Amino acid sequence: MRRFLCIVMVLMFVLCGLLSVDAMAQETVKIGFITPLTGFAAADGYSSLESAKLAVDYVNEHGGINGKKLELISYDDGCQPDQASALTRKLIENDKVAVVISGSYSSPSRAAAVICQQAKVPFTSTYAVHPSIVEAGEYCHRIGMAAPIQGRVGGYFAARELGAKRIALLIMNNDFGVSLAEAFKETALKLGAEIVYEKKYPLGETEFRSYLNAIKAADPDLLYAPGYYNEAANIVSQAREVGLRCWLMGDEGYDSPKFIELAKTAANGVFITTDLNRDSDRPMTRYFLEKYKERTNIDADMVGASGFDAVMLVSHILNKVGTKADDIIRYWDTIENFEDCATGPIITFQERSAIRPMDIQIVLNNQFRYFYRYYEPEIIYLNPPSGGK
Amino acid sequence: MLLNVQDVEIAYNRIKVLWGVTLCVGEGEIVSLLGANGAGKSTLLKGIMGIAPLHRGSISFLEKDVSKKRPWEKAKMGVAYIPEGGRVFPDLTVEENLMLIASLHKEAFDVKENLDLVYSLFPVLKERLQQKAGTLSGGERQMLAIGRALMSKPKLLLIDEVSMGLMPKLVSEVFNTLSLLKEYGISILLTEQNVPEALAISDRGYVLENGRITISGNSEELLGNEMVKTSFLGL
Amino acid sequence: MLQVLLDAIVLGCSYALMAVGLNMVYGLLRIIHVAHAALYTLGAYVGLYCLLNLSQSLWISLFVGALFSAIVGVLMYRIIYSPALTAPRYVPLIAGAGVFIASQELFRLLAGPYPYSFDAHFQFLSIMTPNLRVTETQMLMITFMVVAFLCLFILINKTNLGLMWRACTQDMELAASSGININLIIAINFMIGSALAGSAGILMALYRNSVFPTMGAMVSYKAFVVIVLGGFGSIPGAAIAGIILAIAESFLGMVPIFNLPREAIAFLVMILVLMFKPKGLFGR
Amino acid sequence: MTFGYILSIATFASIYAILILGLNILTGYTKQVSLGHAAFFAIGAYTQALLITKAGLTFWSALPLTILLSMIIGVVMGLPSLRVSDDFLVLTTIGLNFIVMGITEYFDFFGGAMGIIGITMPTIGGKSIGTTGYFLITLSFLLLTICICYLFSKTWGRLAMEATGEDEDAAQSLGINTSIYKMYAFALSSTFTGLAGVLWAHSIGSVFPRNFSFEMSVLFLSMLVFGGLGTIRGAVFGAFVLYILPEFFRFIENYRMLVYGGMLAMIVILQPNGILGRGGLLDRCILRLVKKKAETQEIS
């Protein structure tokens, strides 16, 4: 019996191998997508994949790519860089995709970017913020907001608009939290604020009371806590619990309905920097928010919006210049005022990162509401153009 | 017959330890199992108790087939097993060690009666009731081990190397006690390296060599057997 | 300071609840039960399901979640561990890890990758003064832990079942041949340990207001540290060590030179302790 | 063609095979179960990354240094094994994993949470080698490792290690200095693991603390036990199969890891010695085939 079971299992492996040989595909324009569907980042992977599919459906309903259907080929990288790099090769060589989109975290995105740069295939990351992703080379772009911009926006809002003088930082210790905090700190210090507390916490942390008690003792005007919504919900509700009475400020990682669901009423009054304006009446934003909810039964989040935008932008480029890599890249850098996206319009690409107006949103009555918008070039541009364009 | 072991084979990790062993123990009998170290005596007792799984063969107890029964089921039927080296539950007190067994069999008999029997056989245990069993001396532990087994009022007692590690004076004391048990209607199957003492109290004996029974017979016959004389009695 | 201490004790309760089940299994079978954390998550999910679909009462969902975990815990033993008991020690370890991976995936597939909010309403004591504050949930956790441990203590030291259980932890073979149904004892052992893990899952879900597929991972690492500090197989040791660990983490985390994440601090403490006491703080 | 894809899968599988061969010396021979081997892996990868990005060395000049350093750090990290054993050691290695991850994540010298970027591909004669070249390098390192392990398995050192693993007291009474052999095992193991780390870092091009998490350690031990503890063929086989297995299950994308976890548990229970270990399923099949062939030869 034992032996039989084992033999069956071994046979299954072999069969699986045979079955995974791809079926012949019809004439389509393919774009590749890697995203973590398993492991700790599965929730973000799911959001971005579903949104990307939504965008593909939209594109195909509106004529596809020059008459051909747009096809999304997605693989699960489990948020592992070695899988991401192997899968990117698979996308490029086996599936012959025109563009690779990464809906994954920084470490796998960077690995994929390097491969794409080598193979000279256009690559874009959706929400990964690590600066090195676009530094991989001219074939790599970023749809999400670059961390220096977002941190700077946060800094301006905290120090200039809210007038916070004493600022506490509680930083999620990964590339996302750290690079946001650095930019925030630089801006805030420049604007005359003082950092009264700074602490890093690891991804997956749930207990913040001991830090928050120390922060309370430091008596800040504002607590900036860059991180993802799961940790953020704990920070915010525990901050209210220990009686921390100051402004709370977060980032686009908070931008998920789950944040409000988990933090409950404690979320009210929290500011976040984001580029998805839920109060916007731009048709694309409304389309995305409604269809996403229809499709998944969950309200959309920022990660999803980035995935949606990436596919929209890529299909726009493919429509314009075809599938030749060099044409795509040349056109990509000249894009201006791209409106067909769920987040604010993409003004341009600078250093291969998308530049768009930045929103400050506030949680009111258990909803994200529009609060303030930054247009100033010296704030929202990666390198502010001299002379003010 | 109380216990009938028929053609039993036992293997550890595909290495056979016992090869077609057949033996029996009658009611009220003391039977000794003789043999050198590694002959498979302990394994046979474990097989009878159900701790070591049988590879082949059958065991019947009180005319019922118990080959597939688990150890605790056999214990309920009246088999008690005393492993070698005076094994007791070291972190339980002497009283807990005794009462644990009593509590398992309480519907079957009178606890107090058994306790009295144990105290009368081993008065020293009564003095140490609240002591942890692990702190007892070797001889006391062996007494506790036998006492524990008696608490279940067994019909058959399987004893593995009762004399091992005991002082010579204690050894004869223990054997005397065992021969007394016969009067309470308890049959005994014991393994022993101390052959003369064992044969002195037992009715019959078997000699186990390399996993097979080579000689069997009455104690007197065995004492007279040339082979037994040379290998075990050193004559 | 007192506030930090109190918060740490509440956190320690969750460690202790997890570690006790783990340690009960270790004491009996000498296996490191990695899949224990799966039961923690299971408890939370079942409790949540109960809360959303069956009843608004926290108590009922606590009961159902613990019960479910207990049943699955026993099944886990029968299917995974029981056949692996005679195999080398690392086999149950890896089998448990496999089950843990599979369970995380199963929760994700069944319930989706997103965290859920665990929104239960209940009435309980709370202390609210300007200097000291114990919320209802915190109070509930402390009470639950104290009650659970008292029950466990009485069960183990004052009842026949406890006597049999203690006998089994000391010498399984002897216990079996003395007439103790060891399969039953092991099953009960898994049942109690798993129920505690399941209820810990629900309580933490309530405390953190979130339920998600990978929530068990972090707690299970901590539980390992706790059982080492408390001594393998020792139940009061696990309870005390759980609380000590949480306190050590919270206070060391506030010291600037210990700029390390919680887990690293916990394991650092563990290794240091092992260097001086290779059998754990309360180990025999 | 999917040449590059297969090549990169094969490269990673070979890297893991080197690592598992290293783990095999520690866990297979001296029976010191390590559930923190990702820490040793991280040390190799990080040392190489630092030497390349901060000291400006090349792949070839940094490699010997990294290997030496991995060995030394491995011995230092193995020191607790002299005090603690069995399950305590397992948990100690888990602890080492978390501590090493914490240090790389929280100290800016190691790149902190931002990781270390820009670990370039090695060059030969001034020319950068491509994927194929890198695969060949990895493969030759794998073959080298197999050779060393094979030669080592024929020495008295391995016997001494196995004796230490079976029964430490008995080994000591035979005159084996078990402490030395335990350290020896840690040194050899961390050397190979460090080498695997180096190769991994170069093929990814960047290292992040979270790449070396506890889950990886579990995967490593699973690979070894799956293939067959204590055998070279088992270690290599386990690494290849368990790395490639999830790739085969791509067509059930969403259920992939569920199937993987369940299968891992079942196979380990059914085949505790590993599929290709002594007495394992495939081992027996092969033995039978060999025997049959020998028989037919005898007849003819």
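Note on naming: letters A, B, ... go to the chains in the order of the sequence lines (proteins, then strands), and numbering restarts at 1 for each one. The structure displayed is predicted, hence computed values, not measured ones.
- Looking at C:Phe276, only its backbone comes within 4.5 Å of chain D, counting heavy atoms on both sides.
- Only the side chain of C:Met270 comes within less than 4.5 Å of a heavy atom in chain D; its backbone stays farther off.
- When heavy atoms are compared at a cutoff of 4.5 Å, D:Ile103 approaches chain C by way of both its backbone and its side chain.
- From C:Ile101, atom CD1 reaches atom OG of D:Ser222 across 6.0 Å, with rounding to the nearest 0.5 Å.
- Heavy atoms closer than 4.5 Å to chain D are found in both the backbone and the side chain of C:Phe224.
- Residues C:Val91 and D:Pro272 come closest through the heavy atom pair CG2-CB, 3.7 Å.
- Taken from CZ in C:Arg262 to CZ in D:Phe98, the straight-line distance is 14.0 Å, to the nearest 0.5 Å.
- Scanning all heavy atoms of the two residues, the minimum distance from D:Leu258 to C:Glu105 falls at N-CG, 3.7 Å.
- Taken to the nearest 0.5 Å, the CG atom of C:Leu85 stands 10.0 Å off from the CD1 atom of D:Ile269.
- Within the model, atoms CE of C:Met218 and CZ of D:Phe214 stand 11.5 Å from one another, a figure rounded to the nearest 0.5 Å.
- Looking at C:Tyr221, the atoms closer than 4.5 Å to chain D (heavy atoms on both sides) all sit in the side chain, from C-beta outward.
- Heavy-atom pairs under 4.5 Å with chain C peak, among D:Thr92, D:Leu91, D:Leu221, at D:Leu91.
- In this structure, the portions of C:Leu274 lying under 4.5 Å from any heavy atom of chain D include both its backbone and its side chain.
- The shortest heavy-atom contact between C:Ala264 and D:Ile99 is O-CG1, 3.8 Å.
- Looking at D:Leu79, neither its backbone nor its side chain comes within 4.5 Å of chain C, counting heavy atoms on both sides.
- The candidate from D:Lys31, D:Glu105, D:Met257, D:Glu215 with the greatest count of non-hydrogen atom pairs under 4.5 Å with chain C is D:Met257.
- Few gaps surround CZ on C:Phe251; more than 12 heavy atoms of other groups in view lie less than 6.0 Å from it.
- For C:Ile79, the part lying under 4.5 angstrom from a heavy atom of chain D is the backbone only.
- D:Gly95 and C:Ile271 make their closest contact through C-CD1, 4.2 Å (heavy atoms, listed as atom of the first residue, atom of the second, distance).
- Crowding of C:Phe68 atom CZ: a count of heavy atoms from other residues, nucleotides or ligands under 6.0 Å not exceeding 12.
- Within the 4.5 angstrom heavy-atom criterion, only side-chain atoms of C:Leu109, from C-beta onward, approach chain D.
- Among all heavy-atom pairs drawn from D:Val218 and C:Ala97, the shortest one is CG1-CB, 3.6 Å.
- Pairing each heavy atom of C:Ala102 with each of D:Gly262, the nearest pair is CB-N, 3.8 Å.
- Taking 4.5 Å as the limit, every side-chain heavy atom of D:Leu264 sits out of range of all side-chain heavy atoms of C:Val99.
- At a 4.5 Å heavy-atom cutoff, the contact between C:Leu106 and chain D is made by backbone and side-chain atoms alike.
- Contacts between C:Tyr81 and chain D at a heavy-atom distance below 4.5 Å are absent for every atom of the residue.
- Under a 4.0 Å N-O distance rule, the pair D:Asp87/C:Arg89 qualifies as a salt bridge.
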